[in-house]
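Report on one structure; see the data block that follows.
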Amino acid sequence: MAYTSTTIGYNITMSPSKATYNRSWEAPAEGVVISYYNSLFVVGCNIDVYMFGDNMTDLIGSCMSMCTDDRATMERANVGGYCSGIGCCYINLPRGRDQPTFMIYLVRHNSTREEQDKALSKVKIFLSVNYNFGVSDLYASWVNTSNMYANGTSIFQIAITDQPNCERARRKKDSYACNDESNCSDLSLPSARGYYCFCPNNRQGNPYVVNGCTPAYNSRPKENCTRLCGNMSIPFPFGIEEGCYANDYFRLNCTPNDVTILDRRYAQYRVTRISLDDGSLAVSNMLNDTSSNNMERIVNTNYGGTYGFGDYYESTVDGIFDFSQEAEMIIKWVVANLTCQQATQNNACISHNSNCKDVTRGKTHYGYLCKCKDGFHGNPYLPNNCTACSRGKVYDPTKQKCAISTKEHNLILGIVIGVACGLGSITVALGAIILTGKWKKGIRKRIRRAYFKKNQGLLLVQLISNESTTNKTKIFSLEELEEATNNFDATRVLGCGGHGTVYKGILSDQRVVAIKKSKVVEQIEIDQFINEVAILSQIIHRNVVKLFGCCLEDEVPLLVYEFISNGTLYDLLHTDTMEKCLLSWDDRVRIAMEAAGALSYLHSAAAIPIFHRDVKSSNILMDDNFTAKVSDFGASRSISLDETHVVTIVQGTFGYLDPEYYHTGELTEKSDVYSFGVILVELLTRKKPIFINDVGAKQSLTHYFIEGLHEGSLMEILDSQVVEEADQEEINDIASLTEACLRAKGGQRPTMKELEMRLQFLRTNMLRKTQNLPKNDEEIEPLMCSNAAQLTSRGVSGYSLEHEFGSSIYLPR
């Protein structure tokens with residue numbers, strides 16, 4: 001059947017005195033009928049509309065158009081051109097009914113004169129297949145009838161009427177209108193005679209001319225087609241450009257604001273998703289529809305054949321369309337109303353690895369779709385477009401792309417969850433460790449502050465506050481000393497004794513130091529510690545060990561001394577006595593002179609006189625040049641200038657202790673003189689202060705020396721090296737000086753200043769005898785068995801940095 005379109009419309013001026021109006025239309029010729037695709041629209045106020053067939057008993061449909069005084073309400077009711085019954089109503093021509101004639105009957109409602117004046121004086125009636133006719137615009141310009149008619153056209157069907165039906169027409173070959181490729185159909189109206197031709201399912205075009213029915217499906221779209229409208233993909237067979245879609249039914253429109261529109265004669269739909277896998281379109285924002293009656297629309301006719309879209313329907317209860325909401329619909333589609341067997345003959349599903357699928361609904365066949373085979377994805381309507389997913393992935397039809405399979409996904413999800421849990425646990429653990437560390441660090445800081453206060457830190461700060469910046473004693477933090485000793489590692493231990501441990505340390509400024517850590521934590525020991533620091537911080541003498549600082553943040557205070565590398569005098573005298581060359585006679589006199597000079601400085605030259613109170617050979621250290629360094633001032637006492645003695649608890653080392661001090665408790669400078677005399681005996685005899693005699697009994701070195709001196713057997717008790725190197729005069733001088741130091745009564749002993757001067761005089765005479773007297777102002781260098789290297793080579797006093805001190809009693813306590 002041929003189709004044509006034109007405009008049918010009426011403009012009726014209504015009179016206040018008249019309530020009803022009639023209009024009618026009749027086909028201009030036999031074989032011309034109005035298609036059921038048309039709808040009758042009436043624009044006006046407060047009227048009822050009735051549409052009849054060829055007589056008043058054949059009611060096709062009716063509608064009512066009402067108006068309100070509120071213009072905004074009127075415009076909102078007709079947003080998008082939807083004729084809602086406010087100012088406009090419409091009647092659909094029933095499906096399957098081609099209408100050769102119709103009648104319109106209008107009835108105006110009763111109203112007041114004011115309402116009539118305000119209401120529309122004209123009623124517009126037109127037949128159209130385009131819903132988007134702009135009711136609001138029409139309402140604003142009632143008298144402009146050209147606007148109304150230009151917005152829509154009416155569809156007319158035209159039949160061949162020279163024969164009553166197809167059967168009679170086929171008998172007359174000369175006048176048969178259909179070509180060889182088309183099909184014939186009788187006119188559907190019982191009262192009409194004639195027939196019409198249409199192209200079959202797989203073809204389109206003009207069925208009345210030779211070769212007029214051409215293939216309806218374009219399987220080869222042009223290249224470089226636009227496949228996006230905004231963010232939405234437009235896959236073939238759909239398209240938005242000429243030559244990019246399979247046929248007109250798959251044509252979509254992309255608006256300037258990137259909205260995809262499916263424009264059918266019956267309505268316009270906003271497309272939100274296109275699925276090739278299940279043959280569906282998701283649409284929303286339905287702009288127009290043919291009716292609001294209960295229905296299920298099937299759109300699969302091509303004016304005379306089924307093609308294009310199969311069925312589409314809205315997923316609402318009872319299939320009712322609610323045009324007041326943006327209800328989402330799912331429109332089903334098929335490629336063509338062909339079976340897969342028929343479609344295969346027409347090169348359907350041209351991609352490799354694709355299959356054809358028949359689409360049925362119940363027992364009704366609606367057409368076919370193409371799908372990629374299992375394990376493949378892509379577009380089955382394009383050549384070689386169905387490809388396999390990568391390993392571990394399968395095609396997800398909902399996402400229309402390859403995705404991880406459920407099994408792989410669960411495995412990966414498990415791994416991810418496991419890793420996440422593991423990382424979470426690690427994070428929590430690390431957080432806990434960090435917080436615990438901070439908490440412990442805070443506790444340590446509080447404990448260290450408490451120790452600092454307990455160890456008289458504030459008092460010590462006051463005691464050393466008056467020192468010059470150059471020689472100022474530093475108060476170290478425990479953290480600094482832990483870093484310097486590798487956290488007091490056992491490999492850094494230089495010596496251990498009953499009073500504590502000495503460690504070798506390296507400060508941040510690369511100075512090598514000896515750090516003494518005492519075991520005793522009695523308060524008296526802490527007081528001695530503070531006393532020693534206070535004393536040493538005031539002393540600057542080349543023969544007194546230098547104190548760098550202390551630490552008060554530990555349970556036991558720590559002292560930081562300059563590092564003395566060659567041990568103690570005690571070691572040189574009493575270690576490896578089998579070695580022949582240990583200390584020359586000149587070395588012994590020099591060391592005695594240097595120690596006497598240091599003690600003399602403490603007694604008479606220091607700002608406040610200081611009594612050492614524990615002078616012994618293990619407290620005289622030897623530096624790199626074997627220079628004597630007096631150390632260990634923990635038991636020392638300072639006295640005012642107007643005092644001659646102090647009464648204290650007796651302290652000292654047995655064998656060196658002054659007998660007078662021991663019995664009276666009165667400490668004087670002569671107590672240090674007595675202890676120094678014991679050291680002189682050690683230098684002469686190389687015996688310990690308490691030694692084992694020939695009969696295996698313990699004996700005091702002091703008594704042994706005095707007894708030998710009085711009995712005239714001095715030379716027999718002296719060290720053989722002294723006898724070999726010293727002359728009798730030198731031995732007699734030293735022995736005389738030693739005897740004076742060891743007198744029972746302190747008042748009869750010489751002072752340390754006198755001892756220093758007599759030793760200097762003795763050594764000067766020794767140098768003159770050997771013609772080694774230095775020039776004026778030239779320092780006398782020590783001679784030890786020829787040189788320090790010789791001692792080192794013999795393993796006597798060449799200590800490594802790890803063996804500087806034999807035990808903690810050889811360093812300051």
Side-chain angles (χ1 to χ4, degrees), residues 543 569-570 572-574 577 579-600 615 617 620 622 625-628 673-689 701-743 748-775 778-788 790-791 796-797:
N543 296 119
L569 177 61
Y570 183 92
L572 290 175
L573 290 172
H574 307 304
T577 56
E579 290 288 340
K580 185 176 181 180
C581 183
L582 296 177
L583 276 175
S584 68
W585 169 243
D586 183 73
D587 290 331
R588 301 186 197 203
V589 176
R590 177 185 56 79
I591 290 171
M593 182 189 67
E594 290 173 345
L599 292 173
S600 174
V615 176
S617 60
I620 298 177
M622 310 305 296
N625 298 317
F626 290 92
T627 301
V673 172
Y674 181 90
S675 300
F676 181 76
V678 178
I679 294 176
L680 291 177
V681 179
E682 287 184 83
L683 290 169
L684 288 170
T685 65
R686 281 195 59 181
K687 292 185 183 294
K688 297 179 181 179
L701 179 62
T702 302
H703 294 162
Y704 177 71
F705 174 78
I706 297 297
E707 186 179 67
L709 184 64
H710 290 171
E711 293 179 353
S713 58
L714 178 63
M715 299 301 290
E716 297 176 6
I717 66 174
L718 296 180
D719 181 27
S720 60
Q721 189 172 356
V722 173
V723 175
E724 291 177 5
E725 296 181 8
D727 60 30
Q728 189 63 46
E729 183 182 0
E730 294 168 352
I731 294 175
N732 290 338
D733 288 343
I734 292 292
S736 172
L737 195 60
T738 303
E739 189 270 338
C741 292
L742 297 176
R743 290 169 184 167
Q748 298 176 354
R749 302 169 194 161
T751 64
M752 288 304 307
K753 185 65 176 176
E754 292 172 342
L755 291 171
E756 179 190 12
M757 292 176 64
R758 291 184 63 177
L759 288 169
Q760 285 181 347
F761 179 76
L762 175 62
R763 188 158 187 265
T764 301
N765 288 334
M766 291 170 57
L767 292 174
R768 282 198 182 101
K769 291 179 183 179
T770 58
Q771 298 181 354
N772 289 325
L773 181 65
K775 297 179 181 179
E778 184 178 340
E779 184 180 1
I780 301 173
E781 293 297 332
L783 300 174
M784 296 198 66
C785 206
S786 77
N787 55 49
Q790 184 176 358
L791 287 173
V796 178
S797 52

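Scope of the values below: all heavy atoms of this structure, side chains included, with no hydrogens, waters or symmetry mates.
Counting heavy atoms from C-beta on, the side chains of Leu742 and Val678 come closer than 4.5 Å.
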Can you list the steps and then say if Trp585 with Glu724 is a side-chain contact (heavy atoms from CB on, under 4.5 Å)?
-> CA-CA 9 Å; Trp585 169 243; Glu724 291 177 5; over 6 Å; no

List the steps and the verdict of side-chain contact (heavy atoms from CB on, under 4.5 Å) for Leu573 and Asp719.
-> CA-CA 10 Å; Leu573 290 172; Asp719 181 27; over 6 Å; no

Should Leu714 and Leu684 be marked as a side-chain contact (heavy atoms from CB on, under 4.5 Å) after you check the CA-CA gap, both sets of side-chain angles, and the distance that decides it?
-> CA-CA 10 Å; Leu714 178 63; Leu684 288 170; 5.8 Å; no

Stepwise, does the side-chain contact (heavy atoms from CB on, under 4.5 Å) test hold for Phe676 with Thr738?
-> CA-CA 9 Å; Phe676 181 76; Thr738 303; over 6 Å; no

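Residues Leu572 and Met622 come closest through the heavy atom pair CD1-CG, 3.7 Å. Summarising the geometry of Arg749 relative to Cys741, their closest heavy-atom pair is CD-O, 3.4 Å, with the distance given to 0.1 Å. Annotation for Ser675 and Val615: closest pair CB-O, 3.3 Å, computed over non-hydrogen atoms. A pairwise comparison of heavy atoms in Ala596 and Met752 identifies CA-CE, 3.7 Å as the closest pair. Scanning both residues, Asn543 and Ala598, for their nearest heavy atoms gives O-CB, 3.5 Å. Heavy-atom minimum distance, Arg758 versus Ser736: NH2-OG, 4.2 Å.
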Could you list the donor-acceptor pairs under 3.5 angstrom formed by side chains in residues 702-711, with sequence neighbours left out?
none

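Taking CD of Glu739 as the start and CG of Leu680 as the end, the distance is 12.0 Å to the nearest 0.5 Å. Taken from CD in Glu730 to NZ in Lys769, the straight-line distance is 4.0 Å, to the nearest 0.5 Å. With rounding to the nearest 0.5 Å, the separation of CG in Asn732 from CG in Asp727 is 9.0 Å. We find the CE-CG distance between Met766 and Asp586 to be 5.0 Å, quoted to the nearest 0.5 Å. A distance of 10.0 Å separates CE of Met593 from CG of Leu762, quoted to the nearest 0.5 Å. Note that the CG atom of Leu569 and the CD1 atom of Ile591 stand 5.5 Å from one another [nearest 0.5 Å].
Side chain of Glu594 to main chain of Ala628: a donor-acceptor pair is present (N/O by atom type, distance under 3.5 Å, no hydrogens or angles).
Between Glu725 and Arg588 there is no salt bridge, since none of the side-chain N atoms of the basic residue sits less than 4.0 Å from a carboxylate O of the acidic one.
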